[in-house]
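One structure below.
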Amino acid sequence: RRPKKRTKIIEMMDELQKENVYIKDKERVEKLLCQLIQDGKSKLQIITDFDMTLSRFSINGKRCATCHNVLEDSTLVPESKKQILDELRDTYYPIEINAKMTIEEKIPFMMEWWTKAQSAIVACNFRREDLTRAVRESNAMLREGCDWQFHALHEHSVPMLIFSAGIGDILEEIIKQHSQMYANMRVVSNYMDFNHDGMLVGFKGDLVHTYNKNEGALRNSDYFTTLKERRNIILMGDSMGDLRMADGVPNMQQILKIGFLNDNIEERLEKYKEAYDIVLVSDSTMDVPNAILKKIL
Ligand code: TMP
Ligand code: MG
């Protein structure tokens with residue numbers, strides 16, 4: 001006699017049967033889903049990355065803009081600074097996605113990338129109100145299904161922490177233009193500092209780069225303390241650094257990690273399958289997270 005099926009929920013969900021969905025440990029994911037559904041929305045919180053997780057990686061084969069790219073592609077940044085930012089990306093992005101280096105090895109390079117990019121951006125002297133147009137003229141967009149997800153999480157009062165190494169002002173503008181910023185959303189990111197004339201003069205607070213998101217719980221201790229009854233977490237990310245966004249969150253019981261693998265796929269798939277509970281390869285939608293949310297909400 002065959003043993004009783006232990007992956008019933010997974011098998012019931014069409015979205016999880018697609019070819020681009022990888023689940024290494026089905027029994028673990030089954031148990032997690034079962035617990036998340038049983039505990040319900042009052043025990044749930046979402047922690048998510050922004051660039052290439054909430055935002056789309058590509059459309060018709062063309063890369064979509066990250067927060068930083070919105071500026072680089074705009075008229076706010078003169079050619080000389082564009083060249084600097086391009087060169088920085090060509091140097092450091094391959095390091096960011098390198099499958100052979102450890103996170104610890106990557107950190108000093110990310111610090112360099114962000115620090116140099118921020119000085120180049122600050123030297124452009126643009127104004128706060130210019131950002132709206134820069135975002136409108138960019139091809140930054142949200143994954144299909146984000147709008148539904150944001151609305152549903154708000155309706156059901158499920159808190160969402162957007163933890164981004166991008167630029168806070170720009171990601172909020174992208175969300176506003178393509179969906180809505182809701183009261184249940186909290187953004188932790190690199191925010192621009194504008195002077196009383198509305199001119200950019202620097203960045204506020206501690207730098208967030210791709211690989212220091214493990215300090216999130218520390219930085220956001222008040223936030224997590226108020227949410228301490230919400231002990232189930234759905235984490236979404238596209239980088240190995242995003243896995244650490246919930247490190248140190250107090251009282252956490254269950255965490256379901258959903259990873260979007262957008263680039264350098266062959267080399268990274270094995271690592272992603274080890275690290276993320278569910279891996280979505282070249283997926284431009286929120287279909288899988290939304291299907292799971294529909295069961296919990
Ligand atoms: P995150 O998605 O982990 O929050 O990281 C933000 C992304 O921003 C990361 O993938 C690298 C990218 N980036 C640029 O595209 N240009 C830049 O100048 C910098 C500093 C980062
Ligand atoms: Mg990202």
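We count ligands from 1, going down the list as the structure has it; atoms in each ligand are counted the same way. Heavy atoms only: backbone and side chains are in, while hydrogens, waters and symmetry mates are out. The first residue of the sequence shown is numbered 1, and numbering continues consecutively from there.
Ion pairing between E229 and K43 fails under the 4.0 Å rule for side-chain N and carboxylate O. Using a cutoff of 4.0 Å between basic side-chain nitrogens and carboxylate oxygens, R133 and E137 are scored as salt-bridged. Between E27 and K8 there is no salt bridge, since no side-chain nitrogen of the basic residue lies less than 4.0 Å from a carboxylate oxygen of the acidic one. The pair K273-E270 counts as a salt bridge, with a side-chain nitrogen and a carboxylate oxygen less than 4.0 angstrom apart.
Between D49 and ligand 1, an N or O atom pair is found at a separation short of 3.5 Å.
Annotation for ligand 1: atoms under 4.0 Å from non-hydrogen atoms of N69 are 15 (O). Residue A117 has at least one heavy-atom neighbour below 4.0 Å for each of these atoms of ligand 1: 18 (O), 20 (C). Residue-ligand proximity, S164 to ligand 1, at heavy-atom distances under 4.0 Å covers atoms 4 (O). Distances below 4.0 Å separate heavy atoms of T210 from the following atoms of ligand 1: 3 (O). Short contacts between ligand 1 and E72, defined as distances under 4.0 Å to a heavy atom of the residue, involve ligand atoms 16 (N), 18 (O). Within ligand 1, the atoms closer than 4.0 Å to a non-hydrogen atom of K213 are 1 (P), 3 (O), 4 (O), numbered from 1 in the order shown.
Counting only heavy atoms of the protein, atom 4 (O) of ligand 1 lies nearest to A165 N, 2.7 Å. Considering only non-hydrogen protein atoms, atom 16 (N) of ligand 1 sits nearest to H68 CB, 3.2 Å. Among all protein heavy atoms, the one lying closest to atom 7 (C) of ligand 1 is D51 OD2, 3.8 Å. Nearest protein neighbour of atom 15 (O) of ligand 1, counting heavy atoms only, is T66 OG1, 3.1 Å. Closest to atom 12 (C) of ligand 1 among all protein heavy atoms lies W113 CH2, 4.1 Å.
Vertex the Mg ion (ligand 2); arms to D51 O and D238 OD1; angle rounded to 10 degrees, 100°.
For the salt bridge (Lys or Arg N to Asp or Glu O under 4.0 Å) with D277, the qualifying choice from K257, R28, K31 is R28, the only one to do so.
Between N125 and M199 the shortest heavy-atom distance is O-SD, 3.4 Å. Minimum interatomic distance between N251 and K228 (heavy atoms only, all atoms of both residues): ND2-O, 2.7 Å.
Judged by the shortest distance from any of its heavy atoms, E96 lies inside the 4.0 Å radius around the atoms of ligand 1. Ligand 1 lies nowhere less than 4.0 angstrom from a heavy atom belonging to L88. Note on ligand 1: D242 sits in its first shell, one or more heavy atoms being nearer than 4.0 Å. Put simply, no part of F50 is less than 4.0 Å from ligand 1, judged by heavy atoms. Note on ligand 1: S239 sits outside its first shell, no heavy atom being nearer than 4.0 Å.
None of the N, O or S atoms belonging to D242 lies under 2.8 Å away from the Mg ion (ligand 2).
Residue contacts with ligand 1, taken as heavy atom pairs separated by less than 4.0 Å, do not involve V208 at all.
Of all N, O or S atoms in D49, the one lying closest to the Mg ion (ligand 2) is OD2.
With contacts defined as side-chain heavy-atom distances shorter than 4.5 Å, the pair L85/V77 qualifies. Here the side chains of R231 and D39 are in contact, with some heavy-atom distance below 4.5 Å. The shortest side-chain heavy-atom distance between Y223 and L161 falls under the 4.5 Å cut-off.
Cation-pi check for R268 over F260 is not met; the charged atom does not lie both under 6.0 angstrom from the ring centroid and within 45 degrees of its normal.
No path of Ile, Leu, Val, Met, Phe, Trp and Tyr side chains, each step under 4.5 Å between heavy atoms, connects L207 with V201, placing them in separate hydrophobic clusters.
Taking the six-membered ring where the residue is Trp, Y92 and W113 present parallel rings, their angle staying beneath 30° rather than reaching 60°.
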